[in-house]
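Remarks on the structure that follows.
Atoms considered below: every heavy atom in the structure, side chains included; atoms not considered: hydrogens, waters and symmetry mates.
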Amino acid sequence: MIEVLETPRLLLRKFERNDARSLYELNLDPQVIQFTGDNSFSSIDEARSFLRNYDHYQTYGYGRWAATLKPGYKFIGWCGLKYHVNKQEVDLGFRFMKKYWGNGYAHEAGSACIKFAFQTLKMTRLIGRAMPGNTASMK
């Protein structure tokens, strides 16, 4: 396991191949992806292919990270940074399994990612977006 960031309750780490089932299940929930503009994976194999081709860590030195609960490191979603080549900007994004909503995990993970972006990576700008109606993410 390659640890990236740690918070009081969470460990953010690089995605691993065995995260395919968890990513597939995360994106199966229509409420989880309602405001993302993404489609769910059609299969665990498609999620596995996504992980196999995910190159943000090597290309940019950061990326989206698996969010896991401490102790036990149970996968509950992801949070992290994404570089958008066409806009030449970095955004902060997150997605958590619905049963973990309302516990402050997105805020906790997002705050750690923001601190990492500005203090460690020395970024001067970071974008956060939320679709209209997604009041929880706007907070």
Go through His84 and Val90 one step at a time and tell me if the side-chain contact (heavy atoms from CB on, under 4.5 Å) criterion holds. CA-CA 6 Å; His84 295 272; Val90 179; over 6 Å; no
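- In terms of modelled atom types and a separation under 3.5 Å, the side chain of Ser22 and the main chain of Phe75 share no donor-acceptor contact.
- Between the side chain of Asn103 and the backbone N or O of Tyr100 there is at least one donor-acceptor pair closer than 3.5 Å.
- Residues His56 and Tyr54 place their aromatic rings such that the two centres sit under 6.0 Å apart.
- In this structure, Phe50 and Phe41 have tilted ring planes: the angle between them lies in the 30° to 60° band.
- Contact check for Tyr105 versus Leu69: side-chain heavy atoms found under the 4.5 Å cut-off.
- Of the candidates Tyr57, Tyr62, Tyr60, Tyr60 is the only one forming a ring-ring contact (aromatic ring centres under 6.0 Å, His included) with Tyr83.
- For residues 100-127, the pairs satisfying salt bridge (Lys or Arg N to Asp or Glu O under 4.0 Å) are Arg9-Glu108, with sequence neighbours left out.
- A salt bridge is defined here as a Lys NZ or Arg NE, NH1 or NH2 lying under 4.0 Å from an Asp or Glu carboxylate O, and Asp19 with Arg13 meets this definition.
- Screening Asp91, Ile114, Ile127, Leu126 for a side-chain contact (heavy atoms from CB on, under 4.5 Å) with Leu81, the sole residue that qualifies is Leu126.
- Taking all atoms of both residues into account, the shortest heavy-atom contact from Leu92 to Cys113 is CD1-CB, 3.6 Å.
- Judged by distance alone, with hydrogens and angles left aside, the side-chain atoms of Arg64 form a donor-acceptor pair with the main-chain N or O of Gly80 at under 3.5 Å.
- In terms of heavy-atom proximity, Ser42 sits nearest to Tyr24 at C-CE1, 4.0 Å.
- Summarising the geometry of Leu23 relative to Ala47, their closest heavy-atom pair is CB-CB, 4.5 Å, with the distance given to 0.1 Å.
- Remark: side-chain polar atoms of Ser111 are paired, donor with acceptor, to backbone N or O of His107 under 3.5 angstrom.
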Could you go through the side-chain contact (heavy atoms from CB on, under 4.5 Å) check for Trp78 and Phe96 one step at a time? CA-CA 6 Å; Trp78 58 258; Phe96 288 87; over 6 Å; no
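- Phe116 and Trp65 have their aromatic ring centers within a separation under 6.0 angstrom.
- The neighbour count for Gln88 CD, taken as heavy atoms of other residues, nucleotides or ligands under 6.0 Å away, does not exceed 12.
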Steps toward side-chain contact (heavy atoms from CB on, under 4.5 Å) verdict (Lys14, Val4): CA-CA 7 Å; Lys14 291 182 178 182; Val4 177; 4.0 Å; yes
Check the pair Leu26, Arg95 against side-chain contact (heavy atoms from CB on, under 4.5 Å), reporting the backbone distance first and the verdict last. CA-CA 8 Å; Leu26 175 67; Arg95 193 173 301 172; 4.0 Å; yes
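- Proximity of a side-chain donor or acceptor of Lys70 to a complementary backbone N or O of Thr7 within less than 3.5 Å is detected.
- The shortest side-chain heavy-atom distance between Ile76 and Leu10 falls under the 4.5 Å cut-off.
- Inter-residue side-chain proximity for Lys74 and Thr68 is flagged as unmet; no heavy-atom pair is nearer than 4.5 Å.
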